[in-house]
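Right, one structure below, let's go through it.
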Number of protein chains: 2
Amino acid sequence: MPVNCRNCPIRRRDCFLPMSDSEIEAMGRFKSGELTVGPRSSILMEGSNSPQLFTVLEGQGLRYKVLENGRRQVISFVFPGDFLGLQAGVMSEMKHSVESATSMRLCVFERANLWSFFRDHPERAFDLTWLAAVEEHFLGEKVLSLGQRSATERIAWAFLRVWERLGALGLRTNGAVPFPHRQQDLADALGLSLVHTNKTLARLRQLQVAGWSDGWLSVFDPGTLADLALADPGEAVPRRPLL
Amino acid sequence: MPVNCRNCPIRRRDCFLPMSDSEIEAMGRFKSGELTVGPRSSILMEGSNSPQLFTVLEGQGLRYKVLENGRRQVISFVFPGDFLGLQAGVMSEMKHSVESATSMRLCVFERANLWSFFRDHPERAFDLTWLAAVEEHFLGEKVLSLGQRSATERIAWAFLRVWERLGALGLRTNGAVPFPHRQQDLADALGLSLVHTNKTLARLRQLQVAGWSDGWLSVFDPGTLADLALADPGEAVPRRPLL
DNA sequence: CGAATGTTTGATCCTTGTCAACTGCTGTGG
DNA sequence: CCACAGCAGTTGACAAGGATCAAACATTCG
């Protein structure tokens, strides 16, 4: 199978930094194929011990956990460049589930090769650790949000982050980015009820600050949005790893 | 300086799994010393670019972030075996602050040596990634809690996790573990107000399920606690990594 | 002893969740 | 072609869990 990993996110560092030919050669031996899944389909299941790891090339999805009483928490939204399955890779099993929102194209790796990959390509191992640290950072921000921000602040914050992140991926077209989820998904992500989420969204729309409909998120006034979110507008995605 | 890393948590995998002599030799070159800090002192600051990384040998502390409006979120409590500063290590700066609750003894590493460490010791690099993945798992659980659990459920869940984790470290003496924090810290960790936290604690104490005073957390009835927490009592700390 | 810090308790308010009904859209089958 | 079900979004009324305010109490420490 021809391997086209020139933009493979596992070596993204700065969002899809291109790889050298020898790097592609090395990655190619790790990569085992590509996978395309339809919308709303399950990619990884909590508790499963998936033999494959993925990197997102296209499309969006979400990670989630469910409580014993059935309530669902969306841990994070999944964007192009994200790495899926690290937990299954280094621990014995996945600690959350992943499903697609739109149809997605995934780069597939064999978990079994992860170890030799670490041994033979320390730079790539470092990248992986970097990805994990970035993920940890995002989760830390999310914890801060859920713990300390009000409903409006949470939504404003989420909009800002999504908008910035997708913008950094070059997916922004005059102020709008694709955000193909349901209101229920956002509610579950922010720990709010669907009804309250809806009403808060209406308020933001009415304030002419940001709007989200038909799967597109538009930010009209990033400044006020940042104010509403109690967030520094500039500090979105960490971009300059060491080395 | 004599290096005593036989139980260094960076190679813990299964909570302080002893290292072989050659491993200790290798670690020794990475380790640069030990540090002891007093209670309530700052170890790492958000935004700083610390030249040192730490591993906790003794004592407890907490990681936190503060919002622009001054509200504080405790990201997680820090226990022996935790690794501090990974973000500063692989990203440009720390994304949260760390401070001690009790006095702490820390194992100190030079950040500058991290890269060669990755190159020369792929197994240890793998361990580091594993630590990051475990941290990610804990944060995911925390997000679930903050998003979907009620006040009582959150406190019950926190107590259960702390009790299990410290128990696994061998710090449990007839049902009680050291948990040297203030009610305000727990409140900030769970996104609750101090007052409500206090009242909920009183209720748990009155129910004879768990009690926390003078820095010691006692769990009298793990079963009911797990029920209250909507949690599976068994799934505490992931223990069996690959390789 | 007074000051500082942390815990406890009561009264009140308000943000958010719950319940319920209605809209608009899309796809399906008679 | 229409009836209908199913799903996502919208809106109003009401209830409640938790926040806020305020004050008392206990300990420690200089």
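- Separating the CZ atom in B:Arg105 from the CZ atom in B:Phe54 is a distance of 14.0 Å, to the nearest 0.5 Å.
- When heavy atoms are screened at a 4.0 angstrom cut-off, A:Ser150 is found touching the sugar-phosphate backbone but no base atom.
- Across all strands, B:Arg205 comes closer than 4.0 Å only to sugar-phosphate atoms, never to a base (heavy-atom distances).
- Mapping A:Trp212 and A:Val195 onto DNA chain D via the closest heavy atom, the residue that lands nearer the 5' end is A:Trp212.
- Counting only heavy atoms from C-beta on, B:His196 has its side chain closest to D:dG18 among D:dG18, C:dT7, C:dG17.
- Atom pair A:Arg182:CZ and D:dC7:C1' shows a separation of 9 Å (rounding to whole Å applied).
- The shortest distance between the side-chain N/O atoms of B:Arg149 and the OP1/OP2 oxygens of D:dG17 is not below 4.0 Å.
- Rounded to whole angstrom, the span from the CG atom of B:Asp185 across to the C1' atom of C:dT5 amounts to 13 Å.
- Under 4.0 angstrom from either OP1 or OP2 of C:dT8 there lies at least one side-chain N or O belonging to B:Gln183.
- Note: CD (A:Gln148) to P (C:dT16) measures 13 Å, nearest angstrom.
- In this structure, B:Arg71 places its CZ atom 11 Å from C1' of D:dT20, rounding to the nearest Å.
- Atom CG in A:Asp214 sits about 11 Å away from atom C1' in D:dG9, given to the nearest Å.
- B:Leu194 places its CG atom 8 Å from the C1' atom of C:dT7, with the value rounded to the nearest Å.
- Within 4.0 Å (heavy atoms only), A:Gly191 reaches sugar-phosphate atoms of the nucleic acid but no base atom.
- Look at B:Asn198 and you'll find a side-chain N or O under 4.0 angstrom from OP1 or OP2 of C:dT8.
- With distances taken from any side-chain atom of A:Ala151 to the nucleotides D:dA19, C:dG17, C:dT16, the minimum falls on C:dT16.
- The distance from the CG atom of A:Leu192 to the NZ atom of A:Lys199 is 13.0 Å, given to the nearest 0.5 Å.
- Between B:Arg203 and C:dT8, a side-chain N or O to OP1/OP2 separation shorter than 4.0 Å is absent.
- Residue B:Arg40 is classed as having no contact, given no heavy-atom separation below 4.0 Å to the nucleic acid.
- Partner A:Asp188 forms a salt bridge (Lys or Arg N to Asp or Glu O under 4.0 Å) with one of A:Arg63, A:Arg182, A:Arg72 and no other, that one being A:Arg72.
- Two rings, from B:Phe77 and B:His181, have their centers less than 6.0 Å apart.
- Both A:Thr152 and B:Lys199 lie close to DNA chain C; mapped to their nearest nucleotides by heavy-atom distance, the more 5′-ward contact belongs to B:Lys199.
- Rounded to a whole Å, the CG atom of B:Leu201 is 14 Å from the C1' atom of C:dT9.
- Straight-line distance from the CG atom of B:Leu192 to the P atom of C:dT7: 15 Å, rounded to whole Å.
- Listed for the A:Ser48 side chain is a donor-acceptor partner under 3.5 Å among the backbone atoms of A:Met45.
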